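Down below is the structure, laid out as structure tokens.
Numbered from 1 within each chain, the chains take letters A, B, ... in sequence-line order. Since the model is a prediction, treat every value here as computed from it, not as a measurement.
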Protein chains: 2
Amino acid sequence: MISSIAELISDRIGTMPAGERRAAQTLIANYPLTGLKTVAEFSAAAGVSSPTILRFVARLGFQNYPEFQSALQDELAAQLQSPASRTLDPASPAGGAVSPMLEATLDNLRETFRHLSDRQLADIAKTLAERRGKTFLIGGRFTDPLARYMAAHLTIIQPDVYHLAGQESIWRDRLIDMGKRDVLVIFDIRRYQESLIRFAEKARQRGVQIVLFTDQWLSPIARFARHVIAGRTAVPSAWDSSAALFVVAETLIGAVTRQLETAGAKRIRDLESLR
Amino acid sequence: MISSIAELISDRIGTMPAGERRAAQTLIANYPLTGLKTVAEFSAAAGVSSPTILRFVARLGFQNYPEFQSALQDELAAQLQSPASRTLDPASPAGGAVSPMLEATLDNLRETFRHLSDRQLADIAKTLAERRGKTFLIGGRFTDPLARYMAAHLTIIQPDVYHLAGQESIWRDRLIDMGKRDVLVIFDIRRYQESLIRFAEKARQRGVQIVLFTDQWLSPIARFARHVIAGRTAVPSAWDSSAALFVVAETLIGAVTRQLETAGAKRIRDLESLR
DNA sequence: CAAAATACGTAACATACGATACAGCGCTCT
DNA sequence: AGAGCGCTGTATCGTATGTTACGTATTTTG
């Protein structure tokens, strides 16, 4: 069973003529980067001519050079998306077989935050904290609880926080209250929900600032969003995981709370006295 | 000090116009692969036009698109050659400055699962999967979204799953439907809610099997529970974190799904055909 | 050793790619 | 409410890229 192009090459390298073999060796030497460059660069690196490179990829079974490059990119994408397979991780095997779910989730968290800078988080927190209007939160079928979770916290530290629940027609009517000073937080992972997309589009038309929590493939709503948070969702389960988005949400809640410390503290005291 | 292009982007993403920001977001979402494709593919993925992509890379300081791609490739080459550096440093130099929240959450997850055996998880999954009656889920002020999240999944793979929402008087009346063949899943972290404790006690008297998600100090409900899951909640924030409980919930959802695979698969098909 | 076959590189070609000019649009600010 | 500015997309252009044909070199075989 041959899965990667590298294997394919080392499998056939024996049957290749000298020039193509040099091409193969230089590609393997720093795989797969040389293959992502242009034919001219590849040929220069290997010390052969361009046609030799093309014959080489043809021998591997590809119709043309772009097809070969696409295959390499796909392979690379698969590698980058599952860091677990790459890192041998001498730290954990002792703790071992605990739960593949846990391992995958830990990876997802690390990956998600790796693509998320402090700066970005601070910007979003600022958007949520300093909004001069109202905050609305909504989610999809499985992610709506995340919207609720966030709303439950935010509503304590600042006024005018609303979770949009129930039927589509209900939120649609709330659009009339929304304007450019307002913020809309949307959670949407695949399979992306049509109703949410429509809603986001209309909100955008009214000037609402949209903060989107989505997966790494980006919901179409990203088009309308001011801020996009892309969380990793792949786990060894029949379902996608929302854990990464959950943790980002908690992080944001914490950041917003810190920013509103002075104003928020008073509000919390007031709330306490109401009980 | 800005070393990677990803940092450069997240540094300037705030100052970018909407279109270029979309480009930046799609690139970050699955970095750096989109940047290695052609301008046309990049623009299609981001949902913007080609010139916007070019303006985007120009804003990052590159003279032209090929120069930008070369920079990405160099970066990738450095990463691939030293796989170790990838997990340790790239974004988080000291292993920590990114987000203390993340570090704390990762610790919480590991600690939580360390005290949770496979056996225990399997038992709880079995309880949920093989119950002959109904499943009820309920949570506290901040944890109710977790109950909803779990309910949203379970209800797809098995019948008679109910999330208890709204006012206390409403759930109390549902007690009448509960018996010893039923399972009640409760989420309760401090400050523990009186109403939930009362409810749990009454349910216990009726013979209901209780599965409790709580924090490491254990809600009083633990007295009545058949199964107790204690999650770590401490994070550097004004709020406690429910992330560990969230991940345990996801793990259980996955386990239950696997156990009901045959029966569940049919149910899922039936549901699909209803849409 | 000769002749054929295979491999390789040079050079010309066509395509598709990145770059640019321009016009329309929405947004902000006065 | 109007004028100005900045952003974005359409259409066009030049060029670098992949591709192919062909001639030369090299190896293989009788």
Expressed as a whole number of angstroms, how long is the span from N64(B):CG to dG18(C):P?
11 Å
Do D107(A) and R110(A) sit within salt-bridge range, that is, some charged N less than 4.0 Å from a carboxylate O?
yes
Write down the distance between CG (L54(A)) and C1' (dT10(C)), rounded to a whole number of angstrom.
14 Å
From C-beta outward on R55(A), which listed nucleotide comes closest to its side chain: dA11(C), dC8(C), dG18(C)?
dC8(C)
Test side chain to side chain donor-acceptor pair (under 3.5 Å) on N30(B) and T34(B) and set out the steps.
CA-CA 7 Å; N30(B) 39 12; T34(B) 313; 3.0 Å; yes
What's the shortest heavy-atom distance between M16(A) and A24(A), and which atoms?
SD-CB, 4.3 Å
Dump the intermediate steps for salt bridge (charged side-chain N to carboxylate O under 4.0 Å, His left out) on R190(A) and D240(A), then the final yes or no.
CA-CA 9 Å; R190(A) 58 162 197 196; D240(A) 280 337; 3.4 Å; yes
Short of 4.0 Å, heavy atom to strand atom, which residues of residues 32-40 of chain A count as contacting DNA chain D?
T38(A), V39(A), A40(A)
Grab the CD-C1' distance between E20(A) and dT6(C) for me, whole Å please.
11 Å
To the nearest 0.5 Å, what is the distance between CH2 on W239(B) and OG on S241(B)?
13.0 Å
Rounded interatomic separation in angstrom, taking CE from M16(A) and P from dC8(C):
11 Å
From CD1 of I53(B) across to P of dT20(C) the rounded distance in Å is 16 Å
Test side-chain hydrogen bond (donor to acceptor under 3.5 Å, both in side chains) applied to E20(A) and R59(A), Q25(A), R55(A), the passing residue
R59(A)
Please state how far atom CZ in R206(A) lies from atom C1' in dC27(C), giving the value in whole angstrom units.
17 Å
Would you call R198(A) and E201(A) a salt bridge, taking side-chain N to carboxylate O under 4.0 Å as the test?
no
For E41(B) and dA16(C), what is the distance between atoms CD and C1' respectively, to the nearest whole Å?
12 Å
Taking all non-hydrogen atoms of both residues into account, name the closest pair between R141(B) and A152(A) and its distance.
O-CB, 4.2 Å
The answer to which of Y65(B) and R204(A) contacts DNA chain C further toward the 5' end, by nearest nucleotide, is Y65(B)
Check whether any side-chain N or O of T143(B) sits under 3.5 Å from a backbone N or O of L146(B) as a donor-acceptor pair, and report yes or no.
no
For F68(B) and dG18(C), give me the distance from atom CZ to atom P, rounded to whole Å.
11 Å
5'-most by nearest nucleotide on DNA chain C - K180(A) or G19(A):
G19(A)
Give me the first and last nucleotide of DNA chain D, going 5' to 3', that has any atom under 4.0 Å from a heavy atom of chain B.
dC7(D) to dT10(D)
Touch check for P17(B), heavy atoms < 4.0 angstrom, all strands: base, sugar-phosphate only, or nothing?
sugar-phosphate
At what angle, to 10 degrees, do the two end axes of the helix from dC1(C)-dG30(D) to dT30(C)-dA1(D) meet, given five pairs define each axis?
30°
V57(B) versus E67(B): any side-chain heavy-atom pair under 4.5 Å?
no
Think R174(A) forms a cation-pi with Y162(A), using NZ or CZ under 6.0 Å from the six-ring centre and within 45 degrees of its axis?
yes
Heavy-atom pair with the smallest gap, counting every atom of G19(B) and T52(B):
C-CG2, 3.7 Å
